[in-house]
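Quick notes on the structure that follows.
Quick note: numbers below take in every heavy atom, side chains included, and nothing from hydrogens, waters or symmetry partners. Letters A, B, ... mirror the listed sequences (proteins, then strands); counts begin at 1. Every value quoted in this text rests on a predicted model; they were computed, and no experiment measured them.
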Amino acid sequence: MNYWLMKSEPDVFSWDDLESKKIASWDGVRNYQARNFMRDQFRMGDRVLFYHSSCEEPGIVGIAKVVREAYPDPTALDSASEYFDPASAKAGQSRWLMVDVAPVKKFRQLAHLSEIRETRSLQSMLLLRKGQRLSIQPVTQDEFKTIESIWG
DNA sequence: GCCAACGTTGGC
DNA sequence: GCCAACGTTGGC
């Protein structure tokens, strides 16, 4: 099983939105590295740390899981979507992919970015690396277990 | 293939 | 709102 961290702006799509939807398509990913993680490494049952970004309390809210592996993101072909991608439309095929995720468990407490930063055993997380903006990041099993045991 | 310009991310 | 860091675009 693989472990991931996925960022979402809560104003756009929050943990609560995921809980009410039960299953959500992770659409709108427009970065090749992130897409390639989904295409090449995301497998059914992989665990996901759901991270709220660009908000008052940035941090990990809970754990989700992958319930459908990568498939074409149709918003790339939808000219009415904010994720519309002219190059995909021109090619008649979406060059972007998405996965479906479902909630597993909300953390007792938000794993706040500042707290993660203060946790010695989490210093090597990609999340803490300067300039790291990738919206989908691999997480090691150790990192995942540590986070779950502290805040989960 | 280079690289300047531009756009985006995301914490603060 | 600021701005550092990074990715993408497009002219050459």
Side-chain angles (χ1 to χ4, degrees), chain A residues 2-21 24-42 46-66 69-101 103-140 142-144 146-148 150-152:
Chain A
N2 302 312
Y3 300 95
W4 306 98
L5 179 144
M6 296 171 87
K7 298 179 185 172
S8 183
E9 298 182 23
D11 291 347
V12 178
F13 188 79
S14 69
W15 172 269
D16 288 345
D17 293 330
L18 178 62
E19 281 198 338
S20 61
K21 286 193 75 171
S25 307
W26 204 274
D27 59 12
V29 173
R30 298 291 180 268
N31 171 283
Y32 285 109
Q33 212 180 333
R35 181 202 68 179
N36 294 347
F37 279 136
M38 292 195 285
R39 183 189 63 193
D40 304 332
Q41 297 186 47
F42 268 59
D46 281 2
R47 291 307 196 249
V48 173
L49 298 172
F50 193 115
Y51 182 88
H52 279 174
S53 65
S54 292
C55 58
E56 281 199 9
E57 304 284 352
I60 300 162
V61 193
I63 296 170
K65 66 181 174 184
V66 176
E69 295 180 7
Y71 62 107
D73 178 349
T75 63
L77 302 176
D78 176 5
S79 61
S81 168
E82 59 178 317
Y83 303 127
F84 178 62
D85 172 34
S88 292
K90 196 173 175 191
Q93 183 180 335
S94 178
R95 60 174 164 166
W96 301 111
L97 300 172
M98 61 189 187
V99 296
D100 288 356
V101 300
V104 173
K105 128 178 131 175
K106 185 172 185 174
F107 283 175
R108 288 176 295 103
Q109 253 183 305
L110 174 80
H112 199 286
L113 178 61
S114 62
E115 297 170 332
I116 295 170
R117 194 165 271 143
E118 288 164 5
T119 304
R120 191 177 295 267
S121 55
L122 297 176
Q123 290 309 301
S124 56
M125 283 191 76
L126 284 179
L127 182 68
L128 303 183
R129 200 162 294 177
K130 193 176 180 183
Q132 180 54 67
R133 301 176 307 168
L134 201 56
S135 65
I136 296 179
Q137 307 178 356
V139 171
T140 68
D142 280 352
E143 290 162 352
F144 186 92
T146 298
I147 288 165
E148 188 179 15
I150 297 175
W151 294 280

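Between the side chains of A/Tyr32 and A/Arg39, not a single donor N or O lies within less than 3.5 Å of an accepting N or O. Counted by atom type alone, A/Asp78 and A/Thr75 present zero donor-acceptor pairs between their side chains at under 3.5 Å.
The CE atom of A/Met6 lies 11.5 Å from the CZ atom of A/Phe37; values are rounded to the nearest 0.5 Å.
Counting heavy atoms from C-beta outward, A/Pro103 and A/Lys21 have side chains that stay 4.5 Å or more apart.
Without hydrogens or angle criteria, A/Glu9 side chain to A/His52 main chain gives no donor-acceptor distance under 3.5 Å.
Non-hydrogen atoms lying under 4.0 Å from DNA chain B are contributed by A/Leu113, A/Arg117, all within residues 112-123 of chain A.
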Item to check | Per-nucleotide protein contact string for nucleotides 6-12 of chain C (B base, S sugar-phosphate only, - none; heavy atom under 4.0 Å) | outcome: BSS----
Checklist entry - Which is it for A/Trp4 and A/Val139 under the side chain to side chain contact (heavy atoms under 4.5 Å, CB included) test, yes or no, and what are the steps along the way? => result CA-CA 5 Å; A/Trp4 306 98; A/Val139 171; 5.6 Å; no
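A salt bridge links A/Asp85 with A/Arg95: at least one charged nitrogen is closer than 4.0 Å to a carboxylate oxygen.
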